[in-house]
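Contents: one structure, followed by commentary.
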Amino acid sequence: MLRIYTVILEVLRGLRPVVAKIEMHDRDLGRQLRRAATSVALNCGEGSGSHGGTRRERYRNALGSARETGACLDAAMALGYVEAIDAGLLDRLEHVKAVLVKNVL
């Protein structure tokens, strides 16, 4: 299992109140954010039990979902559903993406 997995779980925990706030304005965006963020953890978990190209593909999927998570957050801020998102949470999400990039190259 990648060591980043625990950080992914921290991001998921940190997103709980953000998702709830977004869902008050836009249920679909909140659900998409939850699915994308959850997919990061699920694909990393699956990738850790895979080998070779399959492992790399799962980590690539996790990276795509991490990027989608960030895009959902950007959209929620742009639409005024949330004023700001904790900088530490965003930093941890960026760290997750950086680690995943290194694992798919």
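Note that these values count all heavy atoms, side chains included, but never hydrogens, waters or copies made by symmetry.
The pair Arg13-Glu10 does not count as a salt bridge, with every side-chain nitrogen at least 4.0 angstrom from each carboxylate oxygen. Ionic pairing of Arg34 and Glu23 is present here: one or more N-O contacts between side-chain nitrogen and carboxylate oxygen are shorter than 4.0 angstrom.
Between Val99 and Asn103 the shortest side-chain heavy-atom distance falls below 4.5 Å. Looking only at side-chain heavy atoms (C-beta outward), Lys97 and Leu63 come within less than 4.5 Å of each other. A heavy-atom distance below 4.5 Å is not found between the side chains of Asn61 and Ser39. The shortest distance between side-chain heavy atoms of Glu68 and Arg35 does not fall below 4.5 Å.
Note: Ile8 CD1 to His95 NE2 = 9.5 Å, rounded to the nearest 0.5 Å. Atom CG of Leu105 and atom CZ of Arg60 lie 8.5 Å apart (nearest 0.5 Å). Atom CG of residue Leu15 and atom CZ of residue Arg92 lie 9.5 Å apart, to the nearest 0.5 angstrom. The line from CE of Met77 to CG of Leu73 is 6.5 Å long, rounded to the nearest 0.5 Å. With values rounded to the nearest 0.5 angstrom, Ile4 atom CD1 is found 13.5 Å from Ser48 atom OG.
With Ile22 as the partner, the side chain to side chain contact (heavy atoms under 4.5 Å, CB included) test is satisfied by one option alone out of Leu29, Asp28, Leu79: Leu29.
Contact between Tyr59 and Leu100 at its shortest, heavy atoms only, is O-CD2, 4.2 Å. Across Val40 and Ala66, no two heavy atoms sit closer than the pair CG2-N, 3.4 Å. Annotation for Leu89 and Gly14: closest pair CD2-O, 3.7 Å, computed over non-hydrogen atoms. Taking each heavy atom of His25 and Tyr81 in turn, the nearest pair found is CB-CD2, 3.2 Å. Summarising the geometry of Ser65 relative to Ala36, their closest heavy-atom pair is CB-O, 3.4 Å, with the distance given to 0.1 Å.
There is no path of hydrophobic side-chain contacts, each under 4.5 Å, that joins Leu33 to Leu42.
At least one donor-acceptor pair under 3.5 Å links the side chain of Arg55 to the backbone N or O of Gly47. Panel note: side chain Thr54, backbone Ser50; no donor-acceptor pair is recorded below 3.5 Å.
The environment of CZ in Arg67 is sparse: at most 12 heavy-atom neighbours from other residues, nucleotides or ligands sit within 6.0 Å.
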